[in-house]
Undergrad: 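Can you keep this structure in mind? I'll have questions shortly.
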Amino acid sequence: MTWRSKIVVVAMDGPSGAGKSSTSKGLASRANWSYLDTGALYRAATWLALEIDAKNENELLNALKQKEIKFLTDPNHPRVFLDNKELTREIREERVTSKVSEVSAWPGLRSELLKLQRKIIDSAASGIVVEGRDIGTVVAPNSQVKIFLQADIEKRAARRSAEFANLEIDGGGVEEIAGSLASRDQMDSSRTSSPLRKAEDAILVDSTHLSLEETIEYIWNILKQRSLLGLPVVAVIGRPNVGKSTLVNRIIGGREAIIEDTPGVTRDRVKYDAEWNGRKFTIMDTGGWEPTAEGIALKISDAAASAIGEADLILFVVDSHVGAQSEEKELVDVLRRSKVDTMLIANKVDSEKDELDAHQLWNIGLGEPFFVSAAHGRGSGDLLDQIVARLPEVGRGRISDGFRKIAIVGRPNVGKSSLLNTFAGEYRALVDDAEGTTRDPIDELIDVDGKTWRFIDTAGIRRRAHQASGTDYYAALRTERAIENAEVVVIVLDASATMTEQDLRIIAMAEEAGKAIVVVMNKWDLLDEDRRLQLEREIDRNLDQVEWAERINLSAKTGWHKDRLIPAVERALAGWEYRVPTGKLNAFLGQLVSSNPPPVRGGKQPKILFATQAGIEPPTFIIFASDFLESSYRRFIERRLREEFGFSGSPIRISVRLRER
């Protein structure tokens with residue numbers, strides 16, 4: 001399996017003295033991430049080599065078996081140890097600096113330290129900035145952002161001199177340091193094992209004329225553009241039926257959270273995207289918290305309590321008409337112990353009189369209450385202003401890690417989880433509570449043939465969300481969200497059983513969402529000849545709406561033909577993202593119309609003027625015509641587009657706009 005970190009990794013590479021250390025520490029500190037100076041590990045090994053007067057690599061490796069190099073990853077106070085001896089200052093001495101390139105070239109040492117570096121990276125909580133040599137090419141070749149930082153040698157020497165002065169180390173004058181850096185550059189570039197080089201996909205940043213703050217800001221904007229900075233998470237907490245979901249809907253500007261007068265409708269943590277005045281964040285709705293809950297109510301309370309640990313900001317919602325209850329006071333104690341920033345929200349404040357009465361909530365002990373009527377919008381704008389003002393720059397929310405997302409959907413017991421487990425190489429259990437709470441989608445990063453994919457396994461859908469209740473309702477709702485968040489939908493059908501109406505509904509759901517699709521006929525090993533003939537007839541009759549989707553026959557249980565799925569997924573993604581050049585598209589359309597003009601409608605011959613591809617994911621085309629085009633002719637155009645350009649595994653959207661010549 002190819003090593004890949006499942007957190008955000010920023011690889012900072014470049015020659016000595018380019019500013020990697022200061023930039024990396026500043027960047028990591030701003031993002032509240034970990035920091036690793038791989039050069040410090042080599043310097044610690046070099047210091048040991050000098051201490052024991054190691055004549056060769058084997059002597060040093062034997063010594064390292066007795067002594068462990070440790071690195072503390074706090075960017076504001078990084079420290080390196082050899083066992084219990086701190087070497088943070090000693091490894092910057094000139095005797096180490098002049099020797100480190102030679103020692104670093106020993107392949108056995110590089111191999112050992114590579115294991116240590118990756119171990120440190122994988123132990124980071126949410127993100128890490130790793131700096132040194134060969135980070136983007138050797139240590140973390142799959143990091144989400146690679147920076148190759150450079151500067152002219154005079155600037156590098158000045159920075160290194162300032163660094164030595166800060167550590168109270170006599171590193172020599174600027175000219176002497178510049179000569180040492182030039183020598184080290186020559187040694188690094190001529191290394192036979194791993195010469196210093198820029199990774200092909202690294203971003204070159206020349207910091208010669210940039211201040212440290214400007215360099216950090218430049219890279220920070222790259223992280224923002226790539227959505228690699230975690231969004232702040234706002235958790236809405238409170239007793240049942242105080243209006244939490246209504247407030248969530250008010251904040252997100254829609255009716256996505258489920259609202260009923262019955263307490264306990266929201267059973268789990270549900271997250272939504274929100275934005276106010278350009279600030280994006282995640283709002284998390286939770287079930288009602290009850291300290292003495294039992295059964296399913298206990299699990300709802302546990303989920304609400306877990307949300308506190310995930311949040312950067314908590315909105316503690318209280319019904320101002322009811323006032324503070326004894327169980328809310330217990331929740332206040334929980335919130336205080338969590339030390340998470342908390343805002344007290346007095347909901348259902350519909351008038352000035354309600355506002356006067358709600359001042360009694362000061363007694364809760366969480367400071368000033370914020371008055372709002374979630375149902376009518378009173379005070380919601382002011383509340384949102386306060387929320388975004390208190391949000392951290394980087395939050396605990398999930399970041400976009402760049403891995404392609406595959407949702408596995410289908411009816412219950414068709415083999416979705418078996419398919420996931422087959423690719424994972426181990427059992428990944430689903431969460432399934434006997435009391436009927438929701439079954440959460442399993443979200444896993446899995447390496448397949450050296451490439452990482454994000455698989456999302458979903459609960460089986462028995463019926464439409466609005467027709468279902470209890471567990472079925474939430475399973476359908478979560479599956480719909482999984483499809484919306486995915487890029488490719490793998491629809492799993494049980495080839496050994498007759499297709500059902502629900503199979504077709506799931507297929508329609510994925511097609512209507514505009515996702516790339518692969519159809520998996522699972523349990524193929526259970527088919528006899530009669531069932532295969534029957535299945536062919538079912539496919540001809542039922543799958544005409546997605547005849548463009550590739551079908552893979554496999555057995556998830558045995559792994560038979562599983563190697564065919566990922567290539568089919570990649571072909572579907574390629575079709576989903578394919579763009580036809582405008583000139584090529586109109587040349588094709590001109591030939592098509594001249595040989596097969598659109599049918600006359602109302603005594604008029606519609607004229608197609610031109611077309612353009614308005615978007616991808618899925619491919620979307622706009623045809624400008626003088627009159628309406630029959631749906632049959634649009635389907636004809638779609639068929640010919642597929643024949644000409646492919647679009648395997650992807651739906652196509654075609655719209656017509658009327659325009660006079």
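Positions are given from 1, in the same order as the sequence printed here. Nothing here was measured: the structure is a model prediction, and the numbers come from that model.
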Undergrad: Go through Thr246 and Asn347 one step at a time and tell me if the side-chain contact (heavy atoms from CB on, under 4.5 Å) criterion holds.
TA: CA-CA 10 Å; Thr246 306; Asn347 191 26; 5.5 Å; no
Undergrad: To the nearest 0.5 Å, tell me how far Leu344 CG sits from Phe370 CZ.
TA: 8.5 Å
Undergrad: Does any N or O in the side chain of Asn522 come within less than 3.5 Å of the main-chain N or O of Val492, such that one atom is a donor and the other an acceptor?
TA: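 The answer is no, because no donor-acceptor pair under 3.5 Å joins these two groups.
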Undergrad: Is Lys244 reaching over with its side chain to a backbone N or O of Arg239, donor-acceptor style, under 3.5 angstrom?
TA: yes
Undergrad: Taking atom OG of Ser24 and atom CG of Leu149, what is their separation to the nearest 0.5 Å?
TA: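 Here the interatomic distance stands at 8.0 Å.
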Undergrad: Hey, is NE2 on His321 packed in by over 12 heavy atoms from elsewhere, all under 6.0 Å?
TA: yes
Undergrad: Please report the shortest heavy-atom distance between Lys405 and Asn485, naming the atom on each side.
TA: CE-O, 2.9 Å
Undergrad: Donor-acceptor pair, Ser29 side chain versus Lys25 backbone, under 3.5 Å?
TA: no
Undergrad: Could you go through the salt bridge (charged side-chain N to carboxylate O under 4.0 Å, His left out) check for Glu217 and Arg30 one step at a time?
TA: CA-CA 10 Å; Glu217 186 66 28; Arg30 183 171 176 180; 2.8 Å; yes
Undergrad: Please check if atom CG in Asn84 has more than 12 non-hydrogen atoms from other residues, nucleotides or ligands closer than 6.0 Å.
TA: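 No - once you tally the heavy atoms of other residues, nucleotides and ligands closer than 6.0 Å, there are 12 at most.
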Undergrad: Is there a side-chain contact (heavy atoms from CB on, under 4.5 Å) between Thr342 and Ile237 once you walk through the steps?
TA: CA-CA 10 Å; Thr342 301; Ile237 305 290; over 6 Å; no
Undergrad: Between atom CZ of Arg279 and atom CG of Leu231, what is the distance when rounded to the nearest 0.5 Å?
TA: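 Arg279 atom CZ to Leu231 atom CG measures 8.5 Å (nearest 0.5 Å).
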Undergrad: side-chain contact (heavy atoms from CB on, under 4.5 Å) for Leu335 and Val340? Distances and angles first, verdict last.
TA: CA-CA 7 Å; Leu335 294 173; Val340 179; over 6 Å; no
Undergrad: Just by modelled atom types, is the Gln360 backbone N or O under 3.5 Å from a matching donor or acceptor in the Asn363 side chain?
TA: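 Confirmed, Asn363 side chain pairs with Gln360 backbone.
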Undergrad: Does Lys280, at its NZ atom, have more than 12 non-hydrogen atoms belonging to other residues, nucleotides or ligands within less than 6.0 Å?
TA: no
Undergrad: Donor-acceptor pair, Trp576 side chain versus Gly514 backbone, under 3.5 Å?
TA: yes
Undergrad: With rounding to the nearest 0.5 angstrom, report the CD1 to CD1 distance, Ile314 to Ile345.
TA: 11.5 Å
Undergrad: Heavy-atom count check: over 12 atoms from other residues, nucleotides or ligands less than 6.0 Å from Glu214 CD?
TA: yes
Undergrad: Got Trp220 and Val394 here, is their nearest side-chain heavy-atom distance under 4.5 Å?
TA: yes
Undergrad: Are any non-hydrogen side-chain atoms of Trp362 and Glu368 less than 4.5 angstrom apart?
TA: yes
Undergrad: I would like to know whether Met12 and Ile135 meet side-chain contact (heavy atoms from CB on, under 4.5 Å); could you show each step before the answer?
TA: CA-CA 7 Å; Met12 191 79 66; Ile135 303 303; over 6 Å; no
Undergrad: Grab the two heavy atoms, one from Val242 and one from Lys348, that are nearest each other, plus how far apart they are.
TA: O-CE, 3.8 Å
Undergrad: Tell me whether Lys515 contacts the main-chain N or O of Glu484 through its side chain, where contact means a donor paired with an acceptor under 3.5 Å.
TA: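 Checked: pair present.
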Undergrad: Under the salt bridge (charged side-chain N to carboxylate O under 4.0 Å, His left out) rule, what do Lys353 and Asp357 come out as? Steps first, then yes or no, please.
TA: CA-CA 6 Å; Lys353 180 182 180 304; Asp357 293 339; 3.1 Å; yes
Undergrad: Taking the side chain as C-beta and beyond, is there a heavy-atom pair between Glu131 and Thr38 under 4.5 Å?
TA: no
Undergrad: Are the side chains of Asp341 and Asp312 in contact, using a 4.5 Å heavy-atom criterion?
TA: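 Not in contact.
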Undergrad: Just by modelled atom types, is the Thr73 backbone N or O under 3.5 Å from a matching donor or acceptor in the Ser34 side chain?
TA: no
Undergrad: Look up atom CG in Asp83 and atom NZ in Lys70, then write down how far apart they are to the nearest 0.5 Å.
TA: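 One gets 6.5 Å once the value is rounded to the nearest 0.5 Å.
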Undergrad: Does the Thr88 side chain pair with the main chain of Val80, one donor and one acceptor, at a distance under 3.5 Å?
TA: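 Yes: the side chain of Thr88 pairs with the backbone of Val80.
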Undergrad: Between Arg404 (side chain only) and Leu573 (backbone N and O only), is there a donor and an acceptor less than 3.5 Å apart?
TA: no
Undergrad: Is the shortest distance from a Lys or Arg side-chain nitrogen in Lys119 or Glu68 to a carboxylate oxygen in the other one below 4.0 Å?
TA: no
Undergrad: So, taking the atom named CD1 in Ile387 and the one named CG in Asp385, what distance separates them when rounded to the nearest 0.5 Å?
TA: 9.5 Å
Undergrad: Heavy atoms, side chains only, cut-off 4.5 Å: are Ile69 and Phe71 in contact?
TA: no
Undergrad: Please check: side-chain N/O of Arg250 versus main-chain N/O of Ala374, any donor-acceptor pairing under 3.5 Å?
TA: yes
Undergrad: Counting only heavy atoms not in Asp350, do more than 12 fall under 6.0 Å of its CG?
TA: yes
Undergrad: Could you tell me whether the side chain of Leu565 reaches within less than 4.5 Å of the side chain of Leu419, counting heavy atoms only?
TA: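 They are in contact (side-chain heavy atoms under 4.5 Å apart), so the answer is yes.
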Undergrad: Regarding Asp201 and Lys146, does a basic nitrogen lie under 4.0 Å from an acidic carboxylate oxygen?
TA: yes
Undergrad: Quick one: does Lys224's side chain get under 4.5 Å of Asn221's, heavy atoms only?
TA: yes
Undergrad: Between Ala28 and Tyr35, what is the shortest heavy-atom contact and its length?
TA: CB-CB, 4.0 Å
Undergrad: Heavy atoms only: give me the nearest Ala482-Ile456 pair and the separation to one decimal.
TA: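 Reported closest heavy-atom pair: CB-CG2, 4.1 Å.
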Undergrad: Is it the case that atom CZ in Phe81 sees more than 12 heavy atoms from other parts of the structure closer than 6.0 Å?
TA: yes
